[in-house]
J.: 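One structure, pasted below without further comment.
Counting begins at 1 with the first residue of the sequence. Just follow the structure's listing: the first ligand is 1, and inside any ligand the first atom is 1.
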Amino acid sequence: MRTGGATKEVDDEQTQADRWAEWDVAHCWHPFTPHGGWTDPLLLAGGEGAWLIDAGGRRYLDGNSSIWTNLHGHRHPRLDAAVNAQLARVAHTSFLGYAHPPAAELAKRLVDLVPGGGLERVFFSDDGSTAVEVAVKMAIQFRQQTGQEKRTGFIAFENAYHGDTMGASSLGGVSRFFERFRAFGMPVTHVAGMEDLRRLPDAQVRETAAVAIEPLVQGVNEVRVWPAGMLRELRAWCDEAGVQLILDEVLTGFGRTGRMFACEHEAVTPDYLCLAKGLTGGYLPLAATMTTREVFEAFLGGPEKAFYYGHSYTANQLGCAAALASLDVFAEEGVLARLPRKIDALRDGLAQLAHPAVHEVRQCGLIAGVELRQPDGERFPAEERVGERVCRAAREHALLTRPIRDTIVVMPPLCVTEEEIAMVVDAVGKAIAAACK
Ligand SMILES: *Cc1c(COP(=O)(O)O)cnc(C)c1O
């Protein structure tokens, strides 16, 4: 964001950007990042709507919603004003033994928002991982306090991703992330799908506390979509088996699939609903684990019954204020009503990608993945880092996104326009052509 025309000023800014890059390379340790080739970091210094602006003033469309969080765009006036107004009151107060207005209001609004009305209790934390961690610990303690101590087992799905804390990563099934920690976490049975689940021995099912799933689509599993009706079948299986259902809507929550929550597509109510990423519109780290009266009542009583879990920044006031403003934007700007046309535009656009390396396009709402393979259908050798090279080439066409292996994630903020979608698709096509010769 250069301001003046004077060469000296520009030079100073360039020098400053170089210094930041140098300090980053020298001192920052980035998540999910192989640091071997980390030499020229892109410094993102600003944002506006669906666009990000780097330290040199170049603009890029935020093609993965700043790692799947942003909904209404950057510097949305409604959210900015809400966070500023909250700052004028207080930034953070403890939620351990105290309450505050924005959390009370947000809890009430979330409970009213989830269809079915079965989830009436909201436990706040900070991130998707902690939202899942909370559900896991609640499920364990719930069994202990309802005379079902034997129900200690957990079931999750192959290639699932539920976050990186120890409990959440035990549920995870992506072997290149979690295998090395397997022996240190809790035991979890991973199944491929409903058929596999139904084949589990009765004795094991009777000792199962809960099953966790990313409803409708596994994002980190290279954007793989579950068969229609599967979620409803899973709920029915859980009811039959007396097993609780944890829905991880950290990615799918807040409109990303075309409805407010993915579970609405199949009219399913879980026992635990985990929300994070989009909860604050992508502004601040805040998460929520919603559960039923039945679960909450098992924790009523004295200190021996309490749920001893929480973080310093649990229910952060700025985060709650941003989340309330994000819900206002949904209500006032007809966000959900505008989605079908955008989803169709994305589908139609991606269907036009004609390069031989395009193996499959997978999409659920505004979540899409373009999987690249060799023309004979074999995966590219991992060391060729094809996905990474395509995303790097996309920068030259004003698009920022991040691959999962060789799947190019296309997940713009919900505020993206149809024109911007066309630009994104065009950039993906050009980047594939440039990187897959
Ligand atoms: C991102 C993600 C998580 C983890 O959330 P963090 O905020 O990164 O801890 C959990 N589950 C799903 C489905 C996710 O996409």
Side-chain angles (χ1 to χ4, degrees), residues 30-33 64-71 123-137 139 154 156-174 176-178 181 185 188 190 210-226 230-231 234 245-257 261-263 265 270 272-290 309 311 313-316 319 322-323 326 362 364-369 401-405 407 409-411 413-414:
H30 290 261
F32 284 84
T33 301
N64 75 345
S65 299
S66 293
I67 205 70
W68 314 1
T69 58
N70 194 279
L71 301 181
F123 190 97
F124 290 108
S125 61
D126 335 285
D127 276 288
S129 307
T130 54
V132 172
E133 199 80 16
V134 164
V136 165
K137 289 197 168 182
F154 284 84
F157 288 84
E158 287 176 4
N159 297 305
Y161 183 83
H162 294 292
D164 296 332
T165 55
M166 217 56 193
S169 67
S170 301
L171 293 175
V174 180
R176 71 189 185 288
F177 299 157
F178 305 124
F181 301 113
V188 172
H190 286 94
V211 52
I213 188 170
E214 299 151 87
L216 261 59
V217 55
Q218 290 184 316
V220 175
N221 186 21
E222 301 170 34
V223 188
R224 288 207 157 69
V225 182
W226 290 114
M230 186 265 200
L231 191 59
L234 179 60
L245 177 61
I246 299 172
L247 288 192
D248 175 351
E249 292 228 31
V250 170
L251 163 63
T252 54
F254 303 102
R256 204 68 79 175
T257 68
F261 301 107
C263 59
H265 292 266
Y272 306 93
L273 179 64
C274 305
L275 303 170
K277 291 192 169 107
L279 173 58
T280 61
Y283 263 54
L284 285 152
L286 181 74
T289 307
M290 299 179 67
Y309 187 102
H311 294 274
Y313 285 98
T314 287
N316 173 260
S326 171
R362 296 180 285 266
C364 176
L366 270 186
I367 305 167
T401 187
R402 196 181 149 83
I404 304 168
R405 297 180 79 177
T407 294
V409 173
V410 183
M411 196 191 301
L414 307 187

J.: Scan side-chain atoms only and decide if Glu249 and Thr252 contain a donor-acceptor pair under the 3.5 Å cut-off.
T.: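 Yes, because at least one side-chain N or O of Glu249 sits under 3.5 Å from a partner of the opposite role on Thr252.
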J.: Quick check: does any side chain N or O of Ser170 sit under 3.5 Å from a backbone N or O of Ala168, one acting as donor and the other as acceptor?
T.: no
J.: Taking atom OH of Tyr313 as the centre, report whether more than 12 heavy atoms of other residues, nucleotides or ligands fall under 6.0 Å from it.
T.: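 At most 12 heavy atoms, drawn from other residues, nucleotides or ligands, come within 6.0 Å of this atom.
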J.: Hey, is CZ on Phe177 packed in by over 12 heavy atoms from elsewhere, all under 6.0 Å?
T.: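 More than 12 heavy atoms, drawn from other residues, nucleotides or ligands, come within 6.0 Å of this atom.
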J.: Among all protein heavy atoms, pick the one closest to atom 11 (N) of ligand 1 and tell me residue, atom and distance.
T.: Asp248 OD2, 2.6 Å
J.: Can you check ring-ring contact (aromatic ring centres under 6.0 Å, His included) on Tyr309 and His311, steps first, answer last?
T.: CA-CA 7 Å; Tyr309 187 102; His311 294 274; 5.2 Å; yes
J.: At a 4.0 Å threshold, what atoms of ligand 1 neighbour a non-hydrogen atom of Gly163?
T.: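 Listed by number with element, the hits are 4 (C), 10 (C).
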J.: May I ask you to identify, for Tyr161, whether its side chain, its backbone, both or neither come under 4.0 Å of ligand 1 on a heavy-atom basis?
T.: both
J.: List every atom of ligand 1 that sits less than 4.0 Å from any heavy atom of Trp68, numbering the atoms from 1 in the order shown and giving each element.
T.: 15 (O)
J.: May I ask you to identify the nearest protein heavy atom to atom 7 (O) of ligand 1, giving residue, atom name and distance to one decimal place in Å?
T.: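 Of every protein heavy atom, Gly128 N, 2.8 Å lies nearest to atom 7 (O) of ligand 1.
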J.: Is the backbone of Gly319 close enough, under 3.5 Å, to the side chain of Asn316 for a donor and an acceptor to pair up by distance?
T.: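 Such a contact is found between Asn316 side chain and Gly319 backbone.
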J.: Give me the residue, atom name and distance of the protein heavy atom closest to atom 1 (C) of ligand 1.
T.: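 For atom 1 (C) of ligand 1, the nearest protein heavy atom comes out as Lys277 NZ, 1.5 Å.
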J.: Apply the test side chain to side chain contact (heavy atoms under 4.5 Å, CB included) to residues Ile367 and Trp68: give CA-CA distance (whole Å), side-chain angles for both, the deciding distance (0.1 Å), then the verdict.
T.: CA-CA 9 Å; Ile367 305 167; Trp68 314 1; over 6 Å; no
J.: Which bit of Glu214 is near ligand 1, meaning a heavy atom under 4.0 Å away: side chain, backbone, both or neither?
T.: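 Near ligand 1, Glu214 shows its side chain, while the N, CA, C and O stay back.
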J.: Return yes when Val132 approaches ligand 1 closer than 4.0 angstrom through a heavy atom, no otherwise.
T.: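 It does not; every heavy atom stays at 4.0 Å or beyond.
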J.: What atoms of ligand 1 come within less than 4.0 Å of a heavy atom belonging to His162?
T.: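 Answer for ligand 1: 10 (C), 11 (N).
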J.: Counting non-hydrogen protein atoms only, what is the nearest one to atom 9 (O) of ligand 1? Give residue, atom name and distance.
T.: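 The protein heavy atom lying closest is Ser129 OG, 2.6 Å.
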J.: Under the 3.5 angstrom rule, does the side chain of Thr257 hit a backbone N or O of Cys364 as a donor-acceptor pair?
T.: no
J.: Within ligand 1, which atoms have a heavy atom of Leu251 less than 4.0 Å away?
T.: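 Those atoms are 15 (O).
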J.: May I ask you to identify, for Asp127, whether its side chain, its backbone, both or neither come under 4.0 Å of ligand 1 on a heavy-atom basis?
T.: both
